[in-house]
Structure formats: structure tokens, C-alpha cells
Amino acid sequence: MDEETKFLRTILIRDWEAYESFIRQFEEQSKGTSVAIIGYAFFVAVQRRFGQNFDPGEVMRLVADTRANLAEGHELPAKEAEALIFAMLGGSFKTRCGGSEDLQGGDGA
């Protein structure tokens with residue numbers, strides 16, 4: 001698994017210590033600024049789109065519509081996309097959707 005994927009996973013599981021570690025690592029590799037900006041921009045966009053009072057179905061519809069509009073050959077994993085949005089809203093995928101998925105993966109990262 002590449003470092004960018006691990007970075008996104010730290011956001012999903014809200015491991016802010018690992019998040020900060022990745023930010024420092026990316027900055028040392030001269031790619032920290034763009035990664036941090038993209039992450040913050042996504043956070044702001046999600047907050048503006050959904051706010052604090054939202055229906056989980058809205059998130060699922062957005063992800064489904066986005067997936068339907070992707071060019072052929074491109075994929076967006078639904079559960080991960082929904083979980084990332086829920087994490088940006090301060091909730092969890094399990095709580096909002098009654099899911100039982102473990103998004104941490106087998107390696108504990």
C-alpha cells in the first residue's frame with residue numbers, strides 16, 4: 001500500500017498522531033504542502049456541502065452520483081468514500097450507516 005493511501009486511512013480512522021507524522025514526512029519529501037492543502041480543501045468542501053445536520057442518505061447519494069459520473073476505467077470505492085466523508089463530519093461510518101466494516105485493514109495501519 002502506498003503512503004498516500006495510508007495517509008487517507010489515518011484520516012478515516014481519525015488517528016491524528018499518525019496524520020501529523022505523515023504530514024511531517026510529506027513535508028520532508030517536498031510534497032507536504034499539496035497533501036495538506038488537498039486534505040484541508042476536502043474537509044472544508046464536505047463541511048460546506050453537508051454541515052452538521054445531515055442525512056446519511058445524502059452522503060450515500062453523493063457518492064453514488066459521483067461514481068455514476070466517473071469516466072470508464074476509473075473507480076471510487078463507495079464504502080471508503082462514504083467513510084471519509086463521515087469522518088470529515090465528525091462521525092463514523094459504523095455509527096451513521098450501521099456498518100460493521102473495519103476500514104483499518106489487516107495491517108493495523
Side-chain angles (χ1 to χ4, degrees):
M1 179 181 316
D2 61 55
E3 294 301 303
E4 289 78 10
T5 302
K6 290 179 183 177
F7 172 72
L8 290 175
R9 184 172 282 167
T10 65
I11 295 171
L12 283 172
I13 62 173
R14 297 192 287 176
D15 181 354
W16 304 123
E17 185 174 309
Y19 173 84
E20 292 297 330
S21 175
F22 273 112
I23 293 295
R24 285 190 299 278
Q25 176 185 343
F26 290 154
E27 287 172 351
E28 291 172 7
Q29 297 170 355
S30 298
K31 61 181 180 179
T33 303
S34 61
V35 171
I37 290 172
I38 291 168
Y40 183 70
F42 182 74
F43 172 78
V44 170
V46 167
Q47 292 294 320
R48 287 183 180 172
R49 170 66 175 81
F50 295 104
Q52 291 302 313
N53 299 316
F54 68 96
D55 173 7
E58 293 178 56
V59 173
M60 293 177 208
R61 281 188 292 280
L62 174 68
V63 171
D65 290 347
T66 302
R67 289 169 48 98
N69 289 307
L70 287 174
E72 190 171 321
H74 297 288
E75 290 187 29
L76 175 66
K79 289 179 187 173
E80 289 82 352
E82 291 167 3
L84 183 57
I85 292 170
F86 289 134
M88 295 293 103
L89 292 168
S92 76
F93 182 75
K94 290 179 183 181
T95 301
R96 295 287 185 171
C97 299
S100 60
E101 296 293 321
D102 178 7
L103 295 173
Q104 289 189 16
D107 61 4

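As the structure is a computational prediction, the values presented were derived from the model and not from experiment. For the numbers below, each heavy atom of this structure counts, side chains included, while hydrogens, waters and symmetry mates do not.
In this structure, the separation between OG1 on Thr10 and CD on Glu17 is 11.0 Å, given to the nearest 0.5 Å. Here CZ of Phe50 is found 10.0 Å from CG of Asp55. Values are rounded to the nearest 0.5 Å. Here Leu89 contributes atom CG and Phe43 contributes atom CZ; the two are 8.5 Å apart, rounded to the nearest 0.5 Å. Rounded to the nearest 0.5 Å, atoms CZ (Phe22) and CD (Glu27) are 13.5 Å apart.
The salt bridge (Lys or Arg N to Asp or Glu O under 4.0 Å) check on Arg49 picks up Glu58, with sequence neighbours excluded. Scanning for side chain to side chain contact (heavy atoms under 4.5 Å, CB included) contacts around Leu76 gives Val63, Thr66, Arg67, Leu70, Ala81, with sequence neighbours left out. Contacts of Ala64 classified as side chain to side chain contact (heavy atoms under 4.5 Å, CB included), with partners at least two apart in sequence or in another chain: none.
Formation of a donor-acceptor pair under 3.5 Å by the Gln47 side chain with backbone atoms of Met88 is found in this model.
Contact annotation: the side chain of Phe54 approaches that of Phe86 to within less than 4.5 Å [non-hydrogen atoms, C-beta and beyond].
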